Amino acid sequence: MTKVLVVTSGKGGVGKTTTTAAMGAALAQAGEKVVVVDFDVGLRNLDLVLGAERRVVFDLINVVHGVAKLPQALIRDKRLENLWLLPASQTKDKDALTEDGVGRVIHELRKTFDWVICDSPAGIERGAMLAMRYADEAIIVTNPEVSSVRDSDRIIGMLDSKTERAENGERVAKHILITRYDAGRAARGEMLSIEDVLEILATPLLGIVPESQDVLRASNVGCPVTLNSPASAPARAYHDAMRRLLGEEVEMQIPTERKGLMNLLLGRRAA
Amino acid sequence: MSVLRLFTGRAASAPVARERLQILLAHERSLRGQPDLLMQLREEILAVVSRHVLLDPDKVIVRMDRGKHVSTLEVDIELPNGADRAFASAG
């Protein structure tokens, strides 16, 4: 049965789009048929992170307004045949999305795909509301830092009250994904620990993605980090998170960079 | 960790972050789902007081200050001169 998954956070810049791309690619590599949908109307970026920016013809808004048919707007990934993208519009404003229109598109995507992953815009406005509206599950991307944790708490409240499931008396399955985690700083008491974040948000953990140069490098070249450098620490973290999402029991650990001795001594990462 | 702190002379800031968040979120969660509490208080106080006294709705100020142990609710109502007469006629 199709799962509609929203990747959300409230706060901007915590790694929603990176996570959408990485989880979408990881699920597609595992044989699932996946579509990633960009809800960030006016500020689309998922196409760029996936390296499909030059292939966008129609977008989500065109489909909502009936200007284009869904198959015309879907872009198939060139590396993974199971991965598709439904881009956001770069020109229209966010009010162009309607609840009914989004509902129809999601309903149609459910017929074809195993996973519909909705990349939410930052904030708690209309775009973020519509991205979570029809979700069965949610990944709340959180940095171990006060403003991100506060916004995550707010988003959790919205997932429990403003979604279609919540209004029907059902639950949206929620998962915390901690990103940009720096084990060293946490150990020195400079960064909120995993335990602190989980205790405060009272929501189960899906995975811990360490801060890494590999994430920036992957977005630079327009390739999900799970595909661009599969052996890197963030890619392994996303891969584990993907297996947990599929219901597997995977031991929770914080993947670390595999550094050479010289790099370790010089305190820099391998290029 | 504590040895490191001896050298750097800085206390860990994460416990402070944790405590501040716990206090803040406890408040925010209790207010969630309610229409803005202060707005509601202001409307209701305004309705009660204006039953007895003539007043300017813009001169009713409701402030809340949340402390760690005690919170205060401050209500500041400015009564125009001549309010006594209105009060007398209402009574």
Side-chain angles (χ1 to χ4, degrees), chain A residues 9-11 14 123-124 128-129 132 140 142-163 165-167 169 171-172 174 176 178 180-203 205 208 211 254 267, chain B residues 1-49 57-77:
Chain A
S9 70
K11 191 175 186 303
V14 296
I124 53 168
M129 296 287 307
M132 70 168 65
I140 301 127
T142 307
N143 293 166
E145 172 269 325
V146 285
S147 53
S148 174
V149 174
R150 180 196 208 177
D151 291 0
S152 292
D153 192 70
R154 187 84 187 274
I155 285 290
I156 288 169
M158 286 170 62
L159 286 164
D160 289 338
S161 61
K162 305 279 171 83
T163 53
R165 270 183 171 253
E167 285 172 9
R171 287 184 62 254
V172 172
K174 303 182 294 288
I176 296 287
I178 295 181
R180 313 197 75 161
Y181 184 74
D182 185 329
R185 303 191 68 185
R188 289 192 296 273
E190 295 168 4
M191 187 182 244
L192 284 167
S193 68
I194 305 290
E195 294 74 26
D196 287 345
V197 176
L198 296 182
E199 192 193 321
I200 291 167
L201 295 177
T203 302
L205 179 66
I208 305 155
E211 174 81 70
I254 306 163
Chain B
M1 194 162 68
S2 54
V3 177
L4 193 77
R5 221 168 288 150
L6 273 180
F7 286 115
T8 59
R10 262 188 302 179
S13 55
V16 181
R18 174 197 160 96
E19 196 185 329
R20 287 178 59 218
L21 268 173
Q22 280 172 330
I23 293 169
L24 174 70
L25 293 183
H27 281 293
E28 288 188 346
R29 284 172 189 156
S30 69
L31 296 179
R32 195 174 288 159
Q34 297 175 11
D36 188 355
L37 178 65
L38 284 186
M39 224 31 210
Q40 205 178 341
L41 276 172
R42 191 182 167 279
E43 293 302 315
E44 289 182 19
I45 290 169
L46 188 73
V48 171
V49 178
D58 293 337
K59 299 286 169 60
V60 177
I61 297 162
V62 180
R63 268 190 222 102
M64 185 159 338
D65 190 8
R66 294 188 306 229
K68 196 169 171 188
H69 301 292
V70 198
S71 299
T72 58
L73 179 69
E74 184 187 333
V75 183
D76 185 345
I77 305 174

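Labels below follow one simple rule: chain letters A, B, ... track the order of the sequence lines, proteins then strands, and each chain is numbered from 1. Bear in mind the structure is a predicted one, so any value in this text is a computation, not a measurement.
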Residue pair A:G189 / B:A12: nearest heavy atoms and the distance that separates them: O-CB, 3.3 Å
For residues 15-22 of chain B, give me every residue with a non-hydrogen atom less than 4.5 Å from any non-hydrogen atom of chain A. B:P15, B:A17, B:R18, B:L21, B:Q22
Taking side chain to side chain contact (heavy atoms under 4.5 Å, CB included) as the test, write out the residues that go with A:M158, two or more places apart. A:I124, A:M129, A:M132, A:I155, A:K162
Looking at A:R165, I want to see if its CZ is surrounded by more than 12 non-hydrogen atoms of other residues, nucleotides or ligands under 6.0 Å. yes
State which residues pass side-chain hydrogen bond (donor to acceptor under 3.5 Å, both in side chains) with A:S147; sequence neighbours excluded, sorted by chain then number. A:E145
Listed once per pair and sorted, the salt bridge (charged side-chain N to carboxylate O under 4.0 Å, His left out) pairs that draw on residues 146-157 of chain A, sequence neighbours left out: A:R150-B:E28, A:D153-B:R29, A:D153-B:R32
